[in-house]
Structures are given as C-alpha cells and as structure tokens.
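Notes to accompany the following structure.
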Number of protein chains: 2
Amino acid sequence: MAIVRFTKQRQAVLEVVRGSTEHPDAAHVFDAVKQIVPSISLGTVYRSLEALVQEGHLIQVQQPGQATRYDARLEDHAHFMCDACGEVFDVLIELPDLVGLVSAKLEGFGVKEARVEFHGTCRRCKHSN
Amino acid sequence: MAIVRFTKQRQAVLEVVRGSTEHPDAAHVFDAVKQIVPSISLGTVYRSLEALVQEGHLIQVQQPGQATRYDARLEDHAHFMCDACGEVFDVLIELPDLVGLVSAKLEGFGVKEARVEFHGTCRRCKHSN
DNA sequence: ATCGATGCAAACGCTTTGCACTCTT
DNA sequence: AAGAGTGCAAAGCGTTTGCATCGAT
C-alpha cells in the first residue's frame, strides 16, 4: 500500500515521530498529533503509521509484551531497552556483520537482516536505588 | 511467582514444549496438552507458561505482531524467523560478545543481555518459487 | 469525478483476571 | 486444613476493519 495522497494527517504523524526521541507508540502519536489535527482518529494513526513503514519513512521497534513503537531513524541500528523504566535508547555503534556470519552457516537460507536488542538497566534507573 | 506445586497441568505443559521443535505458542500448547489433560483450560496454559518462564524452565520468543512462542532450549541462542512461512529456527552459532562490545560504549548502563533475531527466507520457502 | 484516505465504532486476537472450586502439600 | 492452582467466563488491551463520507488529485 503506497501513499498516493499526502494528507495533513499523514504529514502530522510523520512530523510527530520525527520530532520525538522517545520512540512513541500509536497512542502517544495519537495524543501528539491531536494538537496539530484535532479531528484525527486512532484508526487513521494506525493506518498512517503502517503506510509510512511500508514506504520506508519509519521503522518499527517491538518490545516484548508492549505496544509497537516507531522510530524515524532509518539507518541500521540496535536498541537498548531498560527493563526498569521501559525506555528505549538507540544504540549507534558499529556491530559485527552478523548476517554474514550466520549466512555462512545457514546453508540455503536467505538471511536478510539481523535485529539486535539489548536489555538491562539504563543509567538513570541504575543510579536511583 | 514460584512454582510451589507440580500439578499434572504444569508437567504436561512443560513436556509439550520440551517435546516440540516448533516453538509453539499458547494456543498450540493448549491443543497438545489437551491430549494429556483434556480438562485443561487456556487460562491455565497461560499461567503455567508464565510460571515456567519465571522459574527458568522456558524462554519466550517474540515475533512482531504474532503470539508469544515458547522454547525449552535454555542455552543462549539466536533465532531465525522466516518472513514467508513464519517458522522459527534456532541459530546455534557462537556469536561475538555483543554485550561486552556495547557495555564499553554505554557508560553507566547495566547491559545484561543481547537478543539477536535474524529475518529472511528459510530453505524451503527460498527453493519453492 | 475518481477513488484513496478519514472518522467512527464494532470487532478481532492474544492475554489477563475475578471468582468459586479443587487438589497438592 | 491451608492456600496455591484450576476452570470458566468476562474483560482488557493493542490493533484491525467495514462502512459511509470526505477530500487530494
């Protein structure tokens, strides 16, 4: 499903995610977008996010048992998830070529992507106890 | 929540996951366990799986937008998820020490775990088109 | 004017939970 | 006998979808 019409709703959704550093989920995007387009519905937020992901303008960040979050940072990167506060941090560090490593071993498989997700305690949570 | 009573339901749930190579989700476990304990309910399957995870007898495998799957293989390992058929494969390959790598860079963070998830096309799906 | 996008509300799938009852300990 | 575990059904939550209407092209 390609975006063929650039409505104010989709522009607003994209702006909100781009302007956020917190990897917002659909509900947070909804709240923020309402300030720009008060009449927007949650369904439209979901449809817009999906379209923007398909178009390659956003990526999804999944956290076990939580709502899908969205990230406007398109370069390949990992995420750190704080198990205490739930916050998600970008990990902008060059990692080894895992796809190459695994491709060599998984004969006949088409390995396209490696997603890396770190877990632990963030700086703030670690220091506040 | 520790398991303080080993009921036949929990034993059956653990046996089913241990005896499966397909990383079953709660519904699949439910279907299989019914052959052993016909009266079991889905709620009990969920509670048993949760307890077994807490106790360290099972781990969870999450696939974006899909039901949580369970894995009785306890050693640290990655997973390969086929984007075509949805099947999940264990990746039993020694990977670089990502936690150490990232710990050195994320000053003040307590990095405990790195989860690695490969995506692409499995052997069967790749060869059938 | 077309037909993709929207708003609304209902429905969905997975999971959790309240309650009375059961059965391991 | 105590209270953790069970079965059942209802509810919860994130997400999707049907439909009539709106509006970008």
Side-chain angles (χ1 to χ4, degrees), chain A residues 1-17 20 22-55 57-71 81 86 88, chain B residues 1-17 20 22-55 57-71 81 86 88:
Chain A
M1 184 222 271
I3 297 176
V4 303
R5 294 181 191 183
F6 288 93
T7 61
K8 58 178 188 278
Q9 286 88 341
R10 295 202 172 170
Q11 288 176 36
V13 167
L14 183 53
E15 271 170 35
V16 162
V17 182
S20 167
E22 65 187 14
H23 306 81
D25 62 18
H28 283 93
V29 172
F30 180 48
D31 288 342
V33 171
K34 272 192 289 194
Q35 323 259 340
I36 309 172
V37 187
S39 67
I40 199 170
S41 71
L42 186 53
T44 295
V45 170
Y46 275 104
R47 281 185 281 227
S48 298
L49 288 168
E50 188 203 343
L52 290 164
V53 169
Q54 300 285 355
E55 289 285 291
H57 295 110
L58 297 178
I59 62 168
Q60 298 183 319
V61 183
Q62 312 268 355
Q63 235 177 329
Q66 310 228 9
T68 300
R69 289 164 168 245
Y70 295 85
D71 191 345
M81 310 197 178
V88 176
Chain B
M1 184 222 271
I3 296 176
V4 302
R5 296 182 189 184
F6 288 93
T7 60
K8 58 177 189 276
Q9 287 88 342
R10 294 199 174 172
Q11 289 178 34
V13 166
L14 184 52
E15 272 171 36
V16 161
V17 181
S20 168
E22 64 186 14
H23 305 81
D25 61 19
H28 283 94
V29 173
F30 181 49
D31 288 342
V33 171
K34 272 192 290 195
Q35 324 258 341
I36 309 172
V37 187
S39 68
I40 199 169
S41 72
L42 186 53
T44 294
V45 170
Y46 273 104
R47 281 185 282 227
S48 299
L49 288 168
E50 189 203 342
L52 290 164
V53 168
Q54 300 285 355
E55 288 287 290
H57 295 110
L58 297 178
I59 61 169
Q60 297 183 319
V61 183
Q62 312 267 355
Q63 235 176 330
Q66 309 229 6
T68 299
R69 289 163 167 245
Y70 295 84
D71 191 345
M81 310 198 178
V88 177

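In what follows, chains carry the letters A, B, and so on, assigned in the order in which the sequence lines appear, proteins first and then strands, with residues in each chain numbered from 1.
Here side-chain hydrogen bond (donor to acceptor under 3.5 Å, both in side chains) pairs that include residues 26-38 of chain B, with residues two or more places apart or in two chains, are D25(B)-H28(B).
Scored by the side chain to side chain contact (heavy atoms under 4.5 Å, CB included) test, A32(B) finds V16(B) as partners (sequence neighbours excluded). For K8(B), there are no salt bridge (charged side-chain N to carboxylate O under 4.0 Å, His left out) partners at least two apart in sequence or on another chain. With sequence neighbours excluded, the residues forming a side chain to side chain contact (heavy atoms under 4.5 Å, CB included) with Y46(B) are A26(B), L42(B), listed by chain and number. In terms of the side chain to side chain donor-acceptor pair (under 3.5 Å) criterion, residue partners of S41(B) (sequence neighbours excluded) are, by chain and number, T44(B).
Side-chain nitrogen and oxygen atoms of R10(A) include none within less than 4.0 Å of the OP1 or OP2 phosphate oxygen of dG4(C). Side-chain nitrogen and oxygen atoms of Q9(A) include at least one within less than 4.0 Å of the OP1 or OP2 phosphate oxygen of dG7(C). Side-chain nitrogen and oxygen atoms of T44(A) include at least one within less than 4.0 Å of the OP1 or OP2 phosphate oxygen of dG7(C).
Rounding to the nearest 0.5 angstrom, the gap separating the CZ atom in R10(A) from the NE2 atom in H57(A) is 11.0 Å.
Atom CD of Q63(B) and atom C1' of dG13(C) are 15 Å apart (whole Å). The nearest whole Å value for the distance from the CG atom in L49(A) to the C1' atom in dA5(C) is 15 Å. Distance Q54(B) CD to dA4(D) P: 16 Å, rounded to the nearest Å. Following rounding to the nearest Å, Q11(A) (CD) and dT6(C) (P) show an atom-to-atom distance of 11 Å.
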As a quick check of understanding, evaluate side chain to side chain contact (heavy atoms under 4.5 Å, CB included) for L49(A) and V17(A), giving each step before the final call.
CA-CA 9 Å; L49(A) 288 168; V17(A) 182; 4.2 Å; yes
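Listed by residue number, the members of residues 28-38 of chain A with any heavy atom below 4.0 angstrom from DNA chain D form an empty set.
Residues L14(B) and Q11(B) form no side-chain contact, since every pair of their non-hydrogen atoms from C-beta on lies 4.5 Å or further apart.
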Distance-only donor-acceptor hits, side chain of residues 60-71 of chain B, under 3.5 Å, sequence neighbours excluded:
unit_1: Q62(B); atom_1: OE1; unit_2: T68(B); atom_2: OG1; d: 3.3
unit_1: Q63(B); atom_1: OE1; unit_2: R69(B); atom_2: NE; d: 3.3
unit_1: Q63(B); atom_1: NE2; unit_2: G86(B); atom_2: O; d: 3.2
unit_1: R69(B); atom_1: NH1; unit_2: E22(B); atom_2: O; d: 3.0
unit_1: R69(B); atom_1: NH1; unit_2: H23(B); atom_2: O; d: 3.2
unit_1: D71(B); atom_1: OD1; unit_2: R73(B); atom_2: N; d: 2.8
unit_1: D71(B); atom_1: OD2; unit_2: H23(B); atom_2: NE2; d: 3.3
unit_1: D71(B); atom_1: OD2; unit_2: H77(B); atom_2: NE2; d: 3.1
unit_1: D71(B); atom_1: OD2; unit_2: H79(B); atom_2: NE2; d: 3.0

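Looking at Q9(A), its side chain never comes within 3.5 Å of a backbone N or O of I40(A) through a donor-acceptor pair.
Comparing the start and finish of the helix from dA1(C)-dT25(D) to dT25(C)-dA1(D), five pairs each, the helix axis swings through 30°, to the nearest 10 degrees.
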Each nucleotide in nucleotides 18-25 of chain C should get exactly one letter: B, S or -. Can you fill that in based on protein heavy atoms under 4.0 Å?
B----BBS
Write out a two-atom table: protein N or O, nucleotide N or O from nucleotides 11-16 of chain D, distance below 3.5 Å.
unit_1: dT15(D); atom_1: OP1; unit_2: T68(A); atom_2: N; d: 2.9
unit_1: dT15(D); atom_1: OP1; unit_2: T68(A); atom_2: OG1; d: 3.1
unit_1: dT15(D); atom_1: OP2; unit_2: Y46(A); atom_2: OH; d: 2.6
unit_1: dT15(D); atom_1: O5'; unit_2: Y46(A); atom_2: OH; d: 3.4

